[in-house]
Amino acid sequence: MKKNIYKLIGSMLALSVIVTSCNSDDNFTYDLPEQADVTQVTMSAVQSSSSQCTAELTVTSTDASSIYYWILPSNAEAPNSVEVFDNGDELNFDSATSMTVTTGDLASGTGYTVYAVSVNKDGLRSEQVFTASYTQPTYQIMVDSTYTSTVTALGSQTPSHTATLTPVPGTTNQYSIDSAWGPNFVATLTGNPTYQGQFLYAGTLTINSDFSVTIVGVPTSTWATGGTGTYDPCTNLISYTLTQTLFTGNAFTTSVVLTPDNL
């Protein structure tokens, strides 16, 4: 709604110029809105403390106004004032102050430019586009020592468990996992409590540089045929799907999501 009002004001100003020119026999002059009166904007961005995939953008306005900001990759064509106004997200300021907002997910290791225009309380939009530069740091693999699991098999969830990941000495992003599907998984599916704590599906979990995940069952567990999945650097969730040959005649897969306990 505010954008439509501001556009109407701009149209009225343009119409005023046309009428003046039509009523003048000779050269004419008219007063354009003074750009010296526009609200000034400064911005800065830092990596968010809540997620390595987002940034915290601080916008400072010199008076009561609406600020429209648009974040684009630095290699994209720079927009003009109208384009930022039409496409930007709006922040409303009641006075000269600063406001901090969290961006959406940004690409790892990518440079961005934040573009902004202001509209003051009189509806005057800045022709100048204010800018700030920011480079999103390269995402890091962050692994916790313990995780809470969500395990799904045969269309139903099985009891949650705590999975422990222990770094494998001499390796990078490779971990021993004590139980990939939980110590009571088999007991739950079979309805036989004597299987509690058996058939753990221990193995080695590897997070690769592309954030893909592989699981290899321990060598003595020929039925634990491994699995694949992904690591999400924005949430630190580890998700994977396990295959198995323990349940003969029923080669179902098991989906697991590990949520870190301490990250």
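Every heavy atom of this structure was used, including side-chain atoms; hydrogens, water molecules and symmetry mates were not. Bear in mind the structure is a predicted one, so any value in this text is a computation, not a measurement.
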Between [X] and [Y], do the side chains contain an N or O donor and an N or O acceptor separated by less than 3.5 Å?
X: Thr39; Y: Asp63; value: yes
X: Thr97; Y: Ser95; value: no
X: Thr230; Y: Ser239; value: no
X: Thr58; Y: Thr100; value: yes
X: Asn87; Y: Tyr68; value: no
X: Asn184; Y: Thr188; value: no
X: Arg125; Y: Ser81; value: yes

Inter-residue atom distance [X].[atom1] - [Y].[atom2], 0.5 Å rounding:
X: Met43; Y: Met99; atom1: CE; atom2: CE; result: 14.0 Å
X: Leu91; Y: Ile67; atom1: CG; atom2: CD1; result: 7.5 Å
X: Phe93; Y: Thr62; atom1: CZ; atom2: OG1; result: 10.0 Å
X: Leu246; Y: Leu242; atom1: CG; atom2: CG; result: 12.0 Å
X: Glu83; Y: Leu72; atom1: CD; atom2: CG; result: 9.5 Å

Check this for me: Phe211, atom CZ, are more than 12 non-hydrogen atoms of other residues, nucleotides or ligands nearer than 6.0 Å?
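Yes.
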Around Asp94, counting heavy atoms of other residues, nucleotides and ligands shown, do more than 12 lie under 6.0 Å from its CG?
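Not more than 12 within 6.0 Å, no.
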Between Trp181 and Phe199 (judged by ring centroids, cut-off 6.0 Å), do the two rings come close enough to count as a pair?
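Between Trp181 and Phe199, the centre distance exceeds or equals 6.0 Å.
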My understanding is that only residues two or more places apart in sequence, or in another chain, count here; which of them pass side-chain hydrogen bond (donor to acceptor under 3.5 Å, both in side chains) with Thr235?
Asp232
Side chain to side chain contact (heavy atoms under 4.5 Å, CB included) with Thr248: which residues, sequence neighbours excluded?
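Result, side chain to side chain contact (heavy atoms under 4.5 Å, CB included) vs Thr248: none returned.
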Keeping [X] on the side-chain end and [Y] on the backbone end, is there a donor-acceptor pair under 3.5 Å?
X: Ser66; Y: Val119; answer: no
X: Asp144; Y: Asn262; answer: yes
X: Thr243; Y: Gly226; answer: yes

Any idea how Phe185 and Phe252 line up, ring-wise: parallel (<30°), tilted (30 to 60°), or perpendicular (>60°)?
tilted
